[in-house]
Each structure stands twice: as structure tokens, then as C-alpha cells.
Number of protein chains: 2
Amino acid sequence: MRYATLGGMDAVDRQIIAALRANGRATYADLGRQVGLSASAVHERVGKLESSGVITGYHAVVDPPSVGLGVTALVGIQPTDTGDDDEIAAALGELPEVESCYAVAGDEAFVVKIRVATVDELERSLGRLRRIHGVARTRTTVVLSTRFEGRPNAPEPAPPPAVPDKSGA
Amino acid sequence: MRYATLGGMDAVDRQIIAALRANGRATYADLGRQVGLSASAVHERVGKLESSGVITGYHAVVDPPSVGLGVTALVGIQPTDTGDDDEIAAALGELPEVESCYAVAGDEAFVVKIRVATVDELERSLGRLRRIHGVARTRTTVVLSTRFEGRPNAPEPAPPPAVPDKSGA
DNA sequence: ATTGAAATCGGTTCGGC
DNA sequence: GCCGAACCGATTTCAAT
């Protein structure tokens with residue numbers, strides 16, 4: 001039940017997704033070899049995964065220090081009593097140094113991840129965050145090192161369909 | 001190791017990087033059109049960016065709920081007095097639900113992002129985290145919604161290199 | 001470091017199963 | 001839905017600059 005109705009995805013789709021998460025530039029021919037289908041079959045499946053919103057894009061991953069972004073921080077954002085979350089989120093989205101923005105449970109409305117070149121820029125960025133309308137306080141956690149980031153993470157190894165069950169699928 | 005690559009990177013490299021961050025499956029021919037070089041020149045530049053560690057990989061981005069990962073949480077991890085950070089980080093790396101792991105300043109040694117299917121699994125995952133040798137406490141922040149995540153974030157708006165167009169664009 | 005040409009290989013469409 | 005063939009465009013190598 002947990003797997004059956006996830007957008008009509010089968011085990012092969014999940015294999016393809018895992019392969020594309022590991023290597024976003026894998027060719028259809030490669031993927032076909034990995035999953036045991038022809039390139040054209042994979043092509044069609046990937047197209048459907050893309051247009052159904054399961055795969056939302058493909059991105060190169062860059063070493064941040066190599067592009068001059070050596071400072072990372074996690075910032076909790078506490079709104080004022082009357083602050084509007086959507087308004088704050090929109091303002092956060094305007095700042096290019098804010099890479100990710102999560103609305104969270106707790107007395108902070110958001111936790112954002114920001115990346116800047118220097119601690120000087122971090123200070124300036126925090127000033128910009130605090131100046132956003134509706135923001136009362138920020139709480140900053142400086143990242144000392146990134147041990148790992150954005151790993152694939154399969155939900156579970158794979159559901160072994162030990163006994164085929166035809167009932168009401 | 002010092003990142004000597006900032007010295008070796010020019011504006012065209014930054015353009016290529018930005019383009020590949022936006023679309024990790026862009027063809028070399030496409031990239032060449034965007035930056036005003038031939039496909040083979042782009043091919044060589046990208047190869048160097050990859051082997052020098054500036055571009056570390058390419059990944060498909062997947063809508064987490066679509067693959068059965070509907071619950072995200074940020075967890076601060078406080079070690080015991082004698083806990084060894086590297087050992088803890090290694091143990092965190094063994095858990096597939098831990099997507100990212102940052103060593104941070106403050107009384108927590110790490111902040112990790114975890115993704116699981118259900119709150120039930122979240123509870124089990126937190127149990128695993130607490131059972132890691134050297135971990136004293138965890139502090140969990142549940143993500144209610146992801147406003148945005150992993151945006152490109154160029155350090156500079158990318159200066160246009162004034163490429164003369166040959167065929168009336 | 002870039003180009004353009006040449007050869008290989010993959011992407012994409014389509015007819016058929 | 002998948003395959004295989006065919007066509008076309010992209011990748012990749014390379015000599016020359």
C-alpha cells in the first residue's frame with residue numbers, strides 16, 4: 001500500500017530515479033543498461049517522471065568555496081507578533097545568499113541556509129535579514145564544516161514483492 | 001588544501017557553471033551557444049572544472065513527497081563530554097535518512113537534515129541518532145514546508161562578457 | 001586555449017509488437 | 001509499454017593555430 005499508488009511508479013521508475021540522482025547526466029542508453037530496458041523505453045519513462053513533477057530538475061553541484069562562497073550559516077528567524085510568514089518568506093526569496101528556506105515548528109518561523117563569501121558579508125546579510133518587515137530576531141549558527149550534503153537517500157532499499165497480490169490494486 | 005581554482009577561473013567558466021547549475025543536462029553545444037564558444041572548447045573547460053573539483057557532480061532533483069519522503073527535520077546533535085566528532089559524523093553518514101550533515105559552532109556539534117516517510121519513521125530515526133556512540137542529546141526541528149531549497153545563488157550577478165554575435169540573434 | 005572536421009555515440013521519433 | 005531501426009544532432013578526438 002505504501003508503494004503501490006505513488007503516482008503509478010514501479011520499481012523500474014525508482015531505479016531510474018535513483019540512477020539520475022546519483023548521476024544527473026547519465027545517458028538514456030546508460031540508464032537502460034542499468035534497469036534492463038531500451039533507451040527509448042527509458043526516455044519515455046523519464047519524460048513522464050519529469051512532466052508529472054517527480055523529477056523537478058537537474059543541477060550541477062559546485063564546491064562552494066571554489067566559487068567564492070566559503071561561509072555557510074543556518075539562521076533561525078523569529079517573526080514579530082504581527083509578522084506575516086508568507087511576506088517574510090517572499091522577502092527571504094529576494095536575497096540571493098539565502099539558498100534554502102524552511103518553515104518550521106517552534107518559536108522560529110523559518111530556518112534558512114545562507115552562503116556568503118566572508119564573515120563580513122555574513123554580518124551584512126544578517127543585517128538584511130533583520131531588516132525584513134515582520135522579523136523580530138535572528139539566531140545564527142555558523143557552519144564550521146560540511147561533512148556531507150544532499151545525499152541521494154533512498155526511502156528504503158526496495159520493496160521485495162515476495163507474494164504477488166492481485167487483490168484490489 | 002587551498003582552492004587555487006579561483007585564480008584559474010574566468011568569467012566564461014562562471015557562466016558555464018551558472019548554466020550547469022540551472023540545467024545540469026544542458027548539452028555542450030547549448031552551453032557553447034550561451035557563452036559564445038564552440039562545443040569542444042566548452043567540453044574541455046567543463047572537464048577541467050570537474051577534475052579540479054569545482055563541479056563535484058550532477059544530480060536529478062526529485063520532489064521528496066513523490067518518492068515517499070514527506071517528512072523533513074533539522075536535528076541538532078549535542079555530543080557527550082568525551083564524544084569524538086569525527087566518529088559521530090561517520091556514524092551519521094551510515095544512516096541513509098541523514099541527507100546533510102554540518103559541523104557547527106555552538107554547544108551542538110552538528111546539525112543534520114533528515115528525510116523520512118512518516119513521523120513514525122522520524123521517531124525511529126531520532127532513536128538511532130541518540131544511540132550513536134558519543135551523542136548526548138538531540139534537538140529536533142520539524143520542517144512544516146519547504147519554501148525553497150538549493151537555489152543557484154551566484155556570488156555575483158555574472159558580468160556579461162560582451163560577446164559579439166555573429167548572426168543577428 | 002580555441003577552432004572545425006571527422007567519427008562515434010546517444011537522443012528522439014516512429015512503426016510494429 | 002517496450003523494442004528496434006533510422007535519422008539527426010551531440011559528444012569526443014584531433015590536427016592546426
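Lettering follows sequence order; numbering is per chain, from 1. Nothing here was measured: the structure is a model prediction, and the numbers come from that model.
Of the candidate nucleotides dG11(C), dA1(C), dC3(D), dG11(C) has the atom nearest to the side chain of Tyr28(A). Of the candidates dT12(D), dC3(D), dA1(C), dC3(D) carries the atom nearest the Leu37(A) side chain, counting heavy atoms from C-beta on. Considering only the side chain of Lys48(A), dG1(D) comes nearest among dG10(C), dC2(D), dG1(D).
In this structure, Arg115(A) is not positioned above the aromatic face of Tyr102(B) in the sense of NZ or CZ being under 6.0 Å from the six-membered ring centre and within 45° of the axis.
A single hydrophobic cluster is seen to contain both Val35(B) and Val67(A), as judged by linkage of ILVMFWY side chains at heavy-atom distances under 4.5 Å, directly or through other members. Grouping the Ile, Leu, Val, Met, Phe, Trp and Tyr side chains by contacts below 4.5 angstrom, directly or via other members, places Val75(B) apart from Leu69(B).
You'll find the side chain of Glu149(B) reaches within 4.5 Å of the side chain of Lys113(B), heavy atoms only.
Atom CG of Leu31(A) and atom P of dT12(C) are 12 Å apart (whole Å). Rounded to whole angstrom, the span from the CD atom of Glu44(A) across to the C1' atom of dG4(D) amounts to 15 Å. Look at CD1 on Ile16(A): it is 12 Å from C1' on dG1(D), rounded to the nearest Å.
Within the structure, every side-chain polar atom (N or O) of His43(B) is placed at least 4.0 Å from both OP1 and OP2 of dT11(D). Side-chain nitrogen and oxygen atoms of Arg33(A) include at least one within less than 4.0 Å of the OP1 or OP2 phosphate oxygen of dG10(C).
In DNA chain D, runs of at least 3 consecutive Watson-Crick or G-U pairs, each pair with both distances below 3.5 Å, span C:1-10 with D:8-17, C:12-17 with D:1-6.
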Could you walk me through whether Arg45(B) and Ile16(B) satisfy the side chain to side chain contact (heavy atoms under 4.5 Å, CB included) test, starting with their C-alpha distance in whole Å, then the side-chain angles of each, then the deciding distance to 0.1 Å, before giving a yes or no? CA-CA 9 Å; Arg45(B) 278 174 178 261; Ile16(B) 291 172; 3.8 Å; yes
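Going from atom OG of Ser66(A) over to atom CG of Asp13(B) covers 11.5 Å, rounded to the nearest 0.5 Å.
Of the two residues near DNA chain D, Gly36(A) and Arg25(A), the one whose nearest nucleotide lies more 5' is Gly36(A).
Side chain of Thr80(B) to main chain of Ala136(B): no donor-acceptor pair is present (N/O by atom type, distance under 3.5 Å, no hydrogens or angles).
Among the heavy atoms of the strands lying under 4.0 Å from Ala29(A) are primed sugar atoms or P, OP1, OP2 only; no base atom is included.
A donor N or O paired with an acceptor N or O is found under 3.5 Å between the base of dG4(C) and the side-chain atoms of Ser40(B).
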